[in-house]
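Right, one structure below, let's go through it.
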Amino acid sequence: MKRLELIFENEMGKNVTLSLDNPVEPVDPIAISAAMDAIVTENAFITNGGEIVTKKAARVVDRTVEEIELS
């Protein structure tokens, strides 16, 4: 399963990660950056460490799970 992770920094300097499952591919870096800017500008989320103050990074994480059959 793939997941889009948007990584921000809050007022206390701590990383805050918002995760979205099954992102549309190929990802659009311009759209992602604009969405992250909107989240920061609109103060859309408040964290334990205060408001989100800046965007840091975005990444797609691909997690593969392989079941092991036990005897």
Side-chain angles (χ1 to χ4, degrees):
M1 175 176 74
K2 289 190 178 183
R3 175 176 287 176
L4 174 62
E5 294 184 346
L6 307 177
I7 304 166
F8 299 90
E9 186 175 298
N10 65 18
E11 291 176 309
M12 293 186 72
K14 303 286 184 181
N15 285 351
V16 176
T17 303
L18 302 176
S19 299
L20 304 160
D21 291 338
N22 302 314
V24 174
E25 292 193 84
V27 294
D28 181 350
I30 295 170
I32 291 170
S33 184
M36 292 178 76
D37 287 338
I39 289 168
V40 173
T41 301
E42 298 295 325
N43 293 325
F45 298 97
I46 303 295
T47 70
N48 290 339
E51 295 179 0
I52 292 174
V53 294
T54 190
K55 63 184 179 185
K56 288 189 76 174
R59 62 188 177 198
V60 174
V61 177
D62 188 2
R63 179 174 168 233
T64 304
V65 177
E66 182 180 336
E67 294 291 331
I68 300 172
E69 188 174 321
L70 302 176
S71 54

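What you see is a predicted model, and the numbers here were worked out from it, not measured in a lab.
- Contacts classified as salt bridge (Lys or Arg N to Asp or Glu O under 4.0 Å) and involving residues 34-55 (residues at least two apart or in different chains) are given here: D37-K55.
- The distance from atom CG of N48 to atom CD of E11, rounded to the nearest 0.5 Å, is 12.0 Å.
- Residues G50 and T47 come closest through the heavy atom pair O-OG1, 2.7 Å.
- For the pair D21/M1, a side-chain contact is recorded, criterion being any heavy-atom separation below 4.5 Å from C-beta on.
- Between T17 and E5, the shortest heavy-atom contact is CG2-CB, 3.9 Å.
- Through direct or relayed side-chain contacts under 4.5 Å between Ile, Leu, Val, Met, Phe, Trp and Tyr, V60 connects to L4, L6, F8, V16, L18, L20, V27, I32, M36, I39, V40, F45, I52.
- Rounded to the nearest 0.5 Å, atoms CZ (R3) and CZ (R63) are 7.5 Å apart.
- Using modelled atom types, one finds a donor on one side chain and an acceptor on the other under 3.5 Å when comparing K56 with N15.
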